[in-house]
Structure formats: C-alpha cells, structure tokens
Chemist: 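The structure's right below; bear with me while I get my questions together.
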Amino acid sequence: MSDTKRFLYVNRKAPHGTVYALESLEVVLIGAAFEQDVSLAFLDDGVFQLVKKQVTTGIGVKNFAPTYRALGDYDVKKLYVERESLAERGLTEDDLMEVTHENDDEEDVSSIEIVDRARMAQIMAAQDVVLSF
Amino acid sequence: MSDTKRFLYVNRKAPHGTVYALESLEVVLIGAAFEQDVSLAFLDDGVFQLVKKQVTTGIGVKNFAPTYRALGDYDVKKLYVERESLAERGLTEDDLMEVTHENDDEEDVSSIEIVDRARMAQIMAAQDVVLSF
Amino acid sequence: MSTLHTVNKSPYERGSLDSCLAHALPGDAVLLIEDAVVGARAGSTRVAEALKAAMPGCTIHVLGPDLAARGIPADAVVEGVSVVDYGGFVDLAATHDKSQAWL
Amino acid sequence: MSTLHTVNKSPYERGSLDSCLAHALPGDAVLLIEDAVVGARAGSTRVAEALKAAMPGCTIHVLGPDLAARGIPADAVVEGVSVVDYGGFVDLAATHDKSQAWL
Amino acid sequence: MKFAVVVNEGPYTHQASDTAYQFTKAALEKGHEIYRVFFYHDGVNNATRLTVPPQDERNVQKNWSELAEKNALDMVVCIAAAQRRGILDEGEAKRHGKGEGSANIAPGFRISGLGQLIEAGIQADRLVVFGD
Amino acid sequence: MKFAVVVNEGPYTHQASDTAYQFTKAALEKGHEIYRVFFYHDGVNNATRLTVPPQDERNVQKNWSELAEKNALDMVVCIAAAQRRGILDEGEAKRHGKGEGSANIAPGFRISGLGQLIEAGIQADRLVVFGD
C-alpha cells in the first residue's frame, strides 16, 4: 500500500456547545503536515461550523471559526457541505463563510463544494480513513 | 416556606450508555434521607431504565437496575412513567420491572404509575425543585 | 406554578426541544441556550414551525450571546421569540417559580 | 470499498442512525452498539421500520452484550438483524475496508 | 433571591460550565445570592488545578476560583463523582494512598457529599441545572 | 490485521471507553495487532491515576493499564487535549510549575502529539473510533 491515504474528517456537530468542532480542526491542521489526501465533510449540524459572522465574545469562548479560512494555506482544499443538511436548517450557501485556496493558476477559488446527500455518500465511501468527532 | 418541598427527578436518558441514570439514582437514595416529597419521572429514553432483565455482565459494567426495586425501602414511592414514551419505543407496562412499596395496610403495591403526557406535564408543573441529569 | 424550561441542544439532532414543548404549559417560558439557539433562526424549517405553534401559550426566549456565537443576527430569529442576555436569563429564572433543564 | 458504520446513540433521541442509514451504500454494514441497541427491538416502531427498509441493501448488526444490558432478548430483535459479540464486531471491522463512527 | 446552580459537565468539552459561570456572574451582578454551586457527574472535572489551557483561551477553573474568591461562593464537588473521576483533596489523596502532592483540587472548591445538593434544593429559592 | 483505536470520551460518564476496551481485548484475542490506542478529547481522562471507583465497579483506568502491560500496547494521550483537562506527566507537571508529585498520568499511558493519531491512521489497516 502506498503511504498516501484518503483521510476524511466528518463534522456532524454544531460549534461552541461542545469542543468537538474545535478539536477536530486541530487534528486537521496537524494532519496537513503528513501530506495525505485530505477532505472535510460537513453534514447534519456540522454545517453550522461554517456559518459566517460567528461572534463568540459574549460567551467568553475563543472564536476558532477564522481558522477554517486558513485551511487553504495548509493545502486543505476540499470542504464538502451537504445540501440537504443546509436546507433542513434554513441555510443556504450564502450563509456560509468564504473558504478559498490558490489553484495552479494562482487564482483564489472556493474550497467549499455543496454536494447532495447521494454524492456525500459516495465521497465517504471513497475514503481510506474516516475520523469522526 | 415549609421545609418540605416537592422534588422531581427527571430521567430522560437510556441506561448504561452514559452514567446519568446511575448517578441520578445515587442522588435519589441520598435525597431520601431529607424527608422531602419525592417523585421520579421517566420519559423519552428514560423509560429504558426500568426495563426488566437487564444483564450487564457482558459489557463489564455494574448492574444498578436492582436498586430501583429497593426504592420502596427508602420511602420513594412515586415513579411516573410516560405512556407515549413507552409506546413510541415499542414497550408496554409488561416490559417494565416490578417496583413496589408497602402501603398503610402493609400490602405490597406498585410504585409505578403509567401516566399520559398531559398528566406528566401536570406532575412536572406541581413541583418545587426539578433535578435533571 | 410557572416554569422556566431550558433547552441546550440542537433540535435538528436531538429530541429535547420537542419533548420540552410537548410538556410546557400555558404561562411557562422556554429558553434556548447553547447549541439549541440554532433552532431560533427564522425560516421555513420544521423547528421554526414548532416554535410558532408553541406561542403564545408559552413565551419563547433565546440567549443572545449564544445566537451571536452561531452567526445568527438578533433580528433573524423566529417572530415572537425574544432575545435575552445572561441577566435576562437570571430574570426569567427569578420570575418563574422553578426551572427545568431538558438535558 | 465497503464500510462498517457504527451507531452508538438511541435513535429515539438523536438523528445519528437516520443520518447513517441515509448515507450507507449497498454492501455496507451497520452495527448498533451502546445505547443505539434499543433501536433493534422488534415491534411496530418508526426505528424498526427504518431498519427493515435499509435491508437488504445493507446488513444490520447489533452488539449482543449491549442488548442484554438493556434487557432485550437476542430473539426479540428486528427480523434480519444479526446479533454479534465483541469478536464479531472485530470481524466486521476487519472484513470491511474501513469503519465510520456516527457520533 | 437565593439561587443554587448545578454543573453536570466538565470544562471545555461542553459549554455547560461556561454558561453556568456566566449565569452565576449575572445573578451576582443583579444582587441575587448564590447559595451554592454544586458540581456533579463530569462537572467535578472543573475543579482540577492541573489544567493548562492554551494562553488565548479562557481558563474555566480559574474563572470559577476567582469568582468564588470575590464573592465567597460555596463551590461543592460531589465526593462520589469526584472519586470516579480522580479529583481529590489532601485528605482523600492521603486516605487512598495516592502519594504526596497528588491532591489536585483547585482553590475555592471543596469536596462533600450529595446531601449538599439536596440541601441546596431545599434552601435556595431557585435551582438551575446546566449539563449535556 | 493492524488496528488503531481512538477513544474520545472519559471513563464512567460515557460507555465509549468500555466499548473500546472490549473491542481492543477481542481484537487481541483474535490474533490481530493493535498498532496504537489514541485518547483524544475527554478520552484523555481515562489516563488519570487518581480515580477511586467504588469497589464493586470496574476500574476503567486499571483495565487499560493492565491490558497495555500484558500486550505491550502503545497508549497515547493527546498533549493538547490533556493540557486542557489536567492530565500531566512528570515533565509536563514540572514545565507548568504544578509542584512535586502533581503528575497524574497512569502506568502504560504516554503523552504525545496529534501526529500520533494521523500516523496511526496511515500505518494501521483499520481505524475504529469510539465516542459520544
């Protein structure tokens, strides 16, 4: 087996009420150094992690949401967000923050791809290692 | 205010997967010494706490289910179980363990009363202190 | 005997808000805190409909600092839901006879 | 690329089993463990129907020691669901290409 | 008015302790009395003096300890729950042979029995529970 | 076959650690290799030597420590998660000025970085996650 595996980080939980979103992101950042094929899946309440304009000063907790926007610098470029999960929660793509990376032509392109549930299932199926938090 | 208050312990979680059912029961046992007016409510997944013939040897965890049957000895006599919660989970009263206490005529009578949701709401409303776990 | 009910989990993932609303009585207050505030976002969702149906029997409140943390503007909540701060949470607890947490 | 999906929370309280079943593909296995085993009890419940609908696309399994702890006899599970012990759990993890926990 | 506050989850993993802290602070600012803060279940983990959170994050244990010092709060950690999770004061550490210096309870917290929870329910006008 | 096991919750409050333990034991009995057990989030709390569970209950930490000793398991506690929750080895306790005897890590566990989790995912044939 080659040393490169497909790693998927599955995010199904809302941010701030529990630490899972934050500590999951910490794994992604560390994992980026290992040069694997990394994808992030956001479905169910995990889609709330990417909602823009999160302001956490009122709850006295550090806001880690800006870190998602830095993922491109770590060569983490594939963030899949499930369309059905958004819709059920009254959200649209416009409610999500911008996460971009530089493509081969040095243009900033979006790292977020909205996918339907069937495609999300295919993405999950194609992985070697699935980390859920 | 008199020193006697109506205490309700609300059990909404399944046993064994988390410690809440066990540690809630520990509060009930300690609390019995304070001679308050004590009731226990079992609704939603909390009804699974009273299912009979729980055998925990296979998961390597202590079985505290028999303690419910001892509640009568602690003068804890009112266990309210929600009918709708049972039905939604495919359970009937026959699936529950027997929990009894001695009445004034020294007869063993059931401590479990199956109540519908509307009555459960009334029972909750009538309390002074509600402890949820 | 009025009650302040608190709900702290997302109603899209857990049953606690549904169960709370099924047991709250007229004159009670329901306060959404922590992850439960995602249910307060206005829109044509199942949860928004459930909250509307529960009013005006109960009053529905949502904790502002938790709303902000989830990126939901205070004016984007379901109509009729009031936004309170921690002091308002204390007031709700004080002005109702008891509080019940739907954990 | 087959997957072993594990679900550990009661499907009566949380959405994880529903979400798992909505993403599992033909040839995958779903294993109910811990509090999720309460969903395997036979009967005319919403959850039993969902499990039946998921088979035979997927195989459905339930952890026996957890079943026993919840007072559910091994012969009282939804038809077609197989009861396994911890060794069987290991076998399922070994015979599928990867496992995915629906936490 | 007299409040009792119950904290059922530990620091960082769940927001419960943070919310309870903000609630307690707000109640004090409004002139209410906090009869007791009771830590149960994983809530006992708020009382360890050994946490070292990142510098740019809040320090949950320190928040509680400082609030207690400023307001003479009675913060009680359930002994049975604490034993299951490894939170010990000097006496407990010695009693269980855990070795010199093992006590890990933070300033402002004290270990006591579940009776303190019931008593808080009896004595306080309102009891508010924070958990998972 | 080579397994990696991830434990995301602490002892007693959630069954996750018990299930992971039973799974690990069963895998070893079947002749599989356990490449590593990685403790993350509240899972780091499994590694405290200070728990004193009731005598008629299982001892989760001891279960893990004994399994590790018997099978030379590599049990790694995430350093970042451990610092947030107050799990320290000698070096960490000294580095953060926590005082003589404060180290509370139990036998068989070692503290290391998150890279150990990724590496386990790369090296093991299967990775199984247990959590809340």
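All figures in this text were calculated on a predicted structure; none of them were measured in a lab. All heavy atoms count here, side chains included; hydrogens, waters and symmetry mates do not. Naming: A, B, ... by sequence-line order, numbering from 1 per chain.
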Chemist: Are more than 12 heavy atoms, taken from residues, nucleotides or ligands other than F:E33, located less than 6.0 Å from that residue's CD atom?
Modeler: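 Count over threshold, so yes.
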Chemist: Is there side-chain contact between B:L22 and F:E57, with heavy atoms separated by less than 4.5 Å?
Modeler: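 Result yes, sub-4.5 Å side-chain heavy-atom pair found.
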Chemist: Could you list which of residues 74-89 of chain B have a heavy atom closer than 4.5 Å to any heavy atom of chain F, in residue-number order?
Modeler: none
Chemist: If I measure from the heavy atoms of chain F, does B:F64 come under 4.5 Å with its side chain, its backbone, both, or neither?
Modeler: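 Contact with chain F: none, neither part.
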Chemist: Please check if atom CG in B:D105 has more than 12 non-hydrogen atoms from other residues, nucleotides or ligands closer than 6.0 Å.
Modeler: yes
Chemist: Above 12 or not: heavy atoms from other molecules or residues under 6.0 Å from CD of B:E102?
Modeler: yes
Chemist: Just wondering, are more than 12 heavy atoms of other shown residues or ligands nearer than 6.0 Å to NZ in B:K62?
Modeler: yes
Chemist: So, do F:Q22 and B:I59 sit near enough that their side-chain heavy atoms are less than 4.5 Å apart?
Modeler: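 When only atoms from C-beta onward are counted, B:I59 and F:Q22 do not touch, as no gap falls below 4.5 Å.
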Chemist: Is the number of heavy atoms from other residues, nucleotides or ligands under 6.0 Å of B:E113 CD greater than 12?
Modeler: yes
Chemist: If you count heavy-atom pairs within less than 4.5 Å of chain B, which of F:D56, F:T19, F:N63 leads?
Modeler: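 Highest number of pairs under 4.5 Å: F:D56.
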Chemist: Measuring from B:T18:OG1 to F:D132:CG, what's the distance to the nearest 0.5 Å?
Modeler: 8.5 Å
Chemist: What are the two closest heavy atoms between B:V19 and F:Y12, and how far apart are they?
Modeler: CB-O, 3.1 Å
